[in-house]
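Down below is the structure, laid out as structure tokens.
Predicted, not measured: the structure shown is a model, and the values here were computed from it. Throughout, protein chains are lettered first and strands after them, A, B, ... in sequence-line order, and every chain is numbered starting at 1. As a basis for the values below, the full set of heavy atoms in this structure was taken, side chains included, without hydrogen atoms, waters or symmetry mates.
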Amino acid sequence: MNKIVSRFAPSPTGYLHIGGARTALFSWLLARASGGEFRLRIEDTDRARSSQEATNAIIDSMKWLGLEHDGEIVFQSDNADRHNAVIDQLIETGHAYYCECSKEAVDAMREKAMKERRKPKYDGSCRESGLKSGVVRFKTPLEGTTAFKDMVKGPIAVENTELDDMILRRADGSPTYNLAVVVDDHDMGVNNVMRGDDHVNNTPRQILIYRAMGWDVPEFGHVPMILGPDKKKLSKRHGALSVMEYEKMGYLPEAVTNYLARLGWSHGDQELFTMDEMVELFSTDNLGNSPSVFDLTKFEWVNGQYMQRADPERLAGMLCDFLTREVGEEEAKSVSKSDFAKIAPLLQPRAKSIVDMLEQSRPFIVDAGFLPYDEAAVKKFLTDETKPLLEDIASRIEALDEYSEQTLEDLHRQFLEDKDIKFKVIAQPIRVAIVGATKSPGLFETMMVLGKTQTLARLKRAIEL
RNA sequence: GUCCCCAUCGUCUAGUCUGGUCCAGGACGGCGGCCUUUCACGCCGUUAACAGGGGUUCAAAUCCCCUUGGGGACGCCA
């Protein structure tokens with residue numbers, strides 16, 4: 001088989017949302033898995049609805065997800081002349097014809113057909129009229145069936161009588177989608193087309209154009225759509241967010257691609273895949289053919305898995321960026337990346353996202369004087385009984401020559417022995433004293449990250465509360 | 001209305017092509033427990049599904065038909 005050339009061809013009418021991202025991912029995987037090429041084409045022929053902003057957003061999203069494309073980005077609108085040349089050729093070869101029926105007349109035909117329980121379509125009245133102007137329509141064969149083997153759905157066949165004589169060139173001279181995709185895909189050498197489910201119906205029409213032009217018909221694969229929790233088509237309402245929204249919420253790109261891949265694709269019982277693994281294991285044979293629900297809970301689990309495995313340095317960098325975004329450059333300066341690099345490992349098993357991690361790192365990055373305390377926790381643990389104990393511990397820490405996790409542990413063990421009490425008695429009071437809350441990473445590792453000065457300052461402040 | 005597609009635990013799915021090893025496996029979630037200095041993580045256990053009905057067959061989640069339910073398309077949008 002020749003080298004696979006696949007593509008992703010979004011229309012820049014909005015942001016790239018997760019459904020589109022998954023299609024792009026599968027298409028990318030298809031190419032990469034076989035050492036083929038993955039092209040990107042922007043279908044911007046609907047000039048009224050297309051925008052540069054959306055184009056940029058799509059490109060940024062692809063980049064963030066790591067779906068690098070090969071070659072130059074093709075803008076469909078640049079190819080109008082070529083599209084028209086093909087249309088002219090189709091007319092010359094008798095595969096297309098001019099039609100002057102008004103929009104209203106065609107609407108009436110459709111309505112009539114619908115009433116007669118037939119499929120609504122143009123009736124072909126201008127087919128043999130030999131007109132020389134008007135829109136150009138494709139002369140769909142009157143009989144036979146058009147069939148293809150879908151890479152994900154299997155064999156699909158449609159009676160040609162079901163298809164109507166689609167318009168190839170509009171009254172204003174511009175080519176339509178069905179014509180443009182075929183020409184562009186052919187010109188770009190695309191031989192594997194992965195796209196959304198909603199295009200299955202277009203496929204037979206497009207195949208007919210390929211045949212009329214005598215071109216090789218590519219392989220098609222239609223991936224089912226992604227549903228919201230209510231099993232309805234994903235929409236803004238239930239968080240059909242754009243890919244970049246996920247970035248803003250602090251999710252990792254590899255978690256997004258992993259989760260998206262598992263939505264509709266599988267490799268036995270495996271849940272976690274690096275991009276490299278996916279490239280290695282991907283096959284359209286394992287693509288599912290039924291729609292799936294986007295489950296945020298499971299996605300968060302996947303993200304959590306990647307948070308745990310991530311390099312603390314990278315996390316630290318992200319934490320800095322997020323902090324800057326939140327409080328501005330000036331404020332964010334007070335915390336360095338190396339501070340975050342020390343904090344991150346403690347929070348990695350506990351944070352579901354970068355935003356979550358930043359939130360949890362709050363007690364670590366504020367000065368003792370500004371540490372917020374959970375009132376209920378203070379009331380419960382910083383009592384007249386525990387405060388003297390904390391005071392004792394504070395003075396012992398102060399006297400420490402070498403401040404390390406080991407010496408801290410030894411110090412506490414000795415303290416417990418001296419007082420003849422269990423660690424449980426002082427654990428929560430210490431915790432509340434140094435982080436202001438009842439939850440935190442391990443006490444000694446927390447003290448280490450905090451440093452001797454901050455630890456003591458917090459202990460002292462807690463005693464005063 | 002017409003055509004096309006889809007249908008396994010609440011969710012994502014394995015198994016379906018090449019019927020038997022599936023009284024259906026894994027994961028998320030839920031529940032219970034262990035670990036433990038809290039919270040997580042981790043570990044162990046548990047919960048829960050072949051949409052319904054007909055066939056074919058010694059044998060069907062797997063093959064065929066029908067029904068039901070869901071989705072998509074039917075544009076001088078892409």
Side-chain angles (χ1 to χ4, degrees), chain A residues 9-13 43-46 48-50 76 99 101-103 106-107 110 113-122 134-137 150 153-154 156-159 161-164 166-178 180-181 195-204 222 224-225 227 229 231-233 259 262-272 285-286 288-302 304-305 308 346-352 360 377 381 412 422-428 430-432 435 437-444:
Chain A
S11 58
T13 53
E43 312 238 304
D44 56 350
T45 45
D46 185 349
R49 293 197 303 157
S50 300
Q76 189 156 65
C99 163
C101 295
S102 69
K103 217 170 176 175
V106 177
D107 284 346
R110 292 191 217 278
M114 190 100 82
K115 261 185 201 136
E116 290 168 6
R117 306 176 139 249
R118 293 193 343 263
K119 184 148 179 135
K121 53 182 234 182
Y122 170 67
V135 301
V136 175
R137 287 184 182 274
D150 194 284
K153 290 178 185 299
I156 293 177
V158 177
E159 297 292 323
T161 50
E162 286 299 322
L163 276 18
D164 93 355
M166 64 185 147
I167 291 182
L168 263 19
R169 177 155 61 209
R170 302 183 184 95
D172 68 359
S174 63
T176 57
Y177 167 77
N178 277 122
V181 238
R195 61 200 350 179
D197 222 348
D198 47 341
H199 285 287
V200 251
N201 301 271
N202 287 326
T203 307
H222 293 94
M225 58 175 193
L227 273 22
K231 299 218 172 203
K232 290 265 172 57
K233 190 173 177 176
Y259 180 74
R262 279 292 288 110
L263 221 51
W265 176 75
S266 61
H267 181 259
D269 289 337
Q270 192 172 343
E271 295 288 346
L272 267 16
D285 295 346
N286 305 311
N289 52 0
S290 54
S292 33
V293 175
F294 187 93
D295 181 15
L296 227 164
T297 312
K298 181 157 183 183
F299 169 60
E300 286 199 323
W301 173 79
V302 173
Q305 293 297 309
Q308 286 188 54
L346 308 200
L347 264 21
Q348 280 179 268
R350 299 163 225 270
K352 291 282 183 225
Q360 291 190 49
F381 294 109
H412 283 80
K422 293 271 193 205
F423 190 37
K424 276 189 189 287
V425 180
I426 55 164
Q428 285 303 72
I430 293 175
R431 191 181 312 281
V432 173
V435 300
T438 53
K439 311 172 187 180
S440 86
L443 249 22
F444 305 131

Discussion item. Checking A/Thr176 against A/Asn178: is there a side-chain donor and acceptor pair closer than 3.5 Å?
Written reply: no

Worksheet item: Under the 6.0 Å and 45° cation-pi test, does A/Arg137 pair with A/Tyr122?
Response: yes

Worksheet item: Is a donor-acceptor pair below 3.5 Å formed from side chain A/Asp269 to base B/G25, judging by atom type as modelled?
Response: yes

Worksheet item: What nucleic acid atoms does A/Asp164 come within less than 4.0 Å of, heavy atoms only: base, sugar-phosphate, or nothing?
Response: nothing

Fill in: Gap between atoms CG and C1', on A/Asp197 and B/G70 respectively (whole Å)
12 Å

Worksheet item: Do A/Asp197 and A/His222 have side-chain N/O donor and acceptor atoms under 3.5 Å apart?
Response: no

Worksheet item: Contact class for A/Arg49 vs. all strands (heavy atom < 4.0 Å): base, sugar-phosphate, or nothing?
Response: base

Practice prompt. Look at all strands and tell whether A/Cys99 reaches a base, only sugar-phosphate, or nothing, counting heavy atoms closer than 4.0 Å.
Written response: nothing

Item to complete: Any strand is fair game: report the nucleotide pairing with B/U2 by Watson-Crick or G-U wobble, both distances under 3.5 Å, or none.
Response: B/A73

Discussion item. Any base atoms under 4.0 Å from A/Arg262, or only sugar-phosphate, or nothing? Heavy atoms, all strands.
Written reply: base

Practice prompt. Report which part of the nucleic acid A/Ser50 touches: base, sugar-phosphate, or nothing (heavy-atom distance under 4.0 Å, all strands).
Written response: nothing

Contacts under 3.5 Å, N or O only, protein and nucleotides 61-68 of chain B:
none

Discussion item. Counting the atoms with a prime plus P, OP1 and OP2 as sugar-phosphate, which does A/Gln305 contact under 4.0 Å by heavy atoms, base, sugar-phosphate, or nothing?
Written reply: sugar-phosphate

Discussion item. Any base atoms under 4.0 Å from A/Gln308, or only sugar-phosphate, or nothing? Heavy atoms, all strands.
Written reply: sugar-phosphate

Practice prompt. Spell out yes or no: do the side chain of A/Glu271 and the base of B/G26 have one donor N/O and one acceptor N/O closer than 3.5 Å?
Written response: yes

Worksheet item: To the side chain of A/Tyr177, which of B/C12, B/G75, B/A78 is closest?
Response: B/A78

Pick out the pairs of N or O atoms, protein on one side and nucleotides 36-39 of chain B on the other, that lie under 3.5 Å.
| unit_1 | atom_1 | unit_2 | atom_2 | d |
| --- | --- | --- | --- | --- |
| B/U37 | O2' | A/Arg431 | NH2 | 3.2 |
| B/U37 | O2 | A/Arg431 | NH2 | 2.3 |
| B/U38 | O4' | A/Gln428 | OE1 | 3.2 |
| B/U38 | O2' | A/Thr438 | O | 2.9 |
| B/U38 | N1 | A/Arg431 | NH2 | 3.3 |
| B/U38 | O2 | A/Thr438 | O | 3.2 |
| B/U38 | O2 | A/Ser440 | N | 2.8 |
| B/U38 | O2 | A/Ser440 | O | 3.2 |
| B/U38 | N3 | A/Arg431 | NH1 | 3.1 |
| B/U38 | N3 | A/Ser440 | O | 2.4 |
| B/U38 | O4 | A/Ser440 | O | 3.4 |
| B/U38 | O4 | A/Gly442 | N | 3.4 |
| B/C39 | O2 | A/Arg350 | NH1 | 2.7 |
| B/C39 | N3 | A/Arg350 | NH1 | 2.4 |

Response to the item:
To the nearest 0.5 Å, atom OG1 of A/Thr203 lies from atom NZ of A/Lys153 at 10.5 Å

Worksheet entry | Modelled atom types, side-chain donor and acceptor of A/Gln348 and A/Gln308, under 3.5 Å | no

Discussion item. Any base atoms under 4.0 Å from A/Met225, or only sugar-phosphate, or nothing? Heavy atoms, all strands.
Written reply: sugar-phosphate

